[in-house]
Amino acid sequence: MWALLTSFSTVSASAVDRVSIRAKADSVGHDVSFSEYTHIYRTKRVSSTYPIKIKMKGGSLLVTSRHSQMLPVYKGNGVFYGLFRLNKGTNWISGLPKGTYIINNSKVTVS
């Protein structure tokens with residue numbers, strides 16, 4: 001938005017300061033300032049499309065899937081960590097730092 005406003009030569013700096021972005025971001029339909037929602041991104045955690053089995057083997061995860069799919073992995077606090085491609089059959093996910101992860105809506109601890 002700032003780049004768009006600064007690209008016009010007729011817009012002065014004082015006019016830019018008074019611009020407010022309004023968005024219907026509320027589920028009730030209230031107008032809410034866009035800046036209130038820029039630092040918050042809440043979404044439902046996503047799980048794998050098809051069922052999987054997860055086992056801990058050493059410091060790696062053994063993931064078994066009957067289908068090729070993408071597996072989202074979240075940190076223990078709910079922050080998205082990464083997306084892993086699973087092939088049909090046995091898959092190994094290694095190199096995860098120690099900690100708790102949420103995989104397929106269940107907590108997995110890597111030690």
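For the single chain, residues carry numbers from 1 onward in sequence order. Computed from a predicted model, the values in this text were never measured in an experiment.
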| request: Report yes if the distance between the aromatic ring centroids of Y81 and Y74 is under 6.0 Å, otherwise no. | output: no
| request: Using the side-chain hydrogen bond (donor to acceptor under 3.5 Å, both in side chains) rule, collect all pairs that involve residues 64-73, keeping only residues at least two apart or in two chains. | output: S65-Q69
| field | Straight-line distance of N91 CG to L86 CG, nearest 0.5 Å | value | 4.5 Å
| Honestly curious: do F80 and V46 fall in one hydrophobic cluster under the side-chain, below-4.5 Å linking rule? | yes
| message | Hydrophobic cluster membership, with links at side-chain heavy-atom distances under 4.5 Å among I/L/V/M/F/W/Y: are F84 and V108 in one? | response | yes
| message | Listing request: all side-chain hydrogen bond (donor to acceptor under 3.5 Å, both in side chains) pairs with a residue in residues 92-109, at least two apart in sequence or in separate chains. | response | S48-N104
| task | Output the distance between atom CZ (R85) and atom CD1 (I93), rounded to the nearest 0.5 Å. | result | 13.0 Å
| said: Would a single hydrophobic cluster contain both V63 and V110, if residues Ile, Leu, Val, Met, Phe, Trp and Tyr are joined by side-chain heavy-atom contacts under 4.5 Å? | reply: yes
| request: To the nearest 0.5 angstrom, please state how far the CG atom of L71 sits from the CD1 atom of I103. | output: 6.0 Å
| Would M56 and L96 show up in the same hydrophobic cluster when neighbours are defined by side-chain heavy atoms closer than 4.5 Å? | yes
| note | Value for CG (N77) from CD1 (I102), rounded to nearest 0.5 Å, stands at 8.0 Å
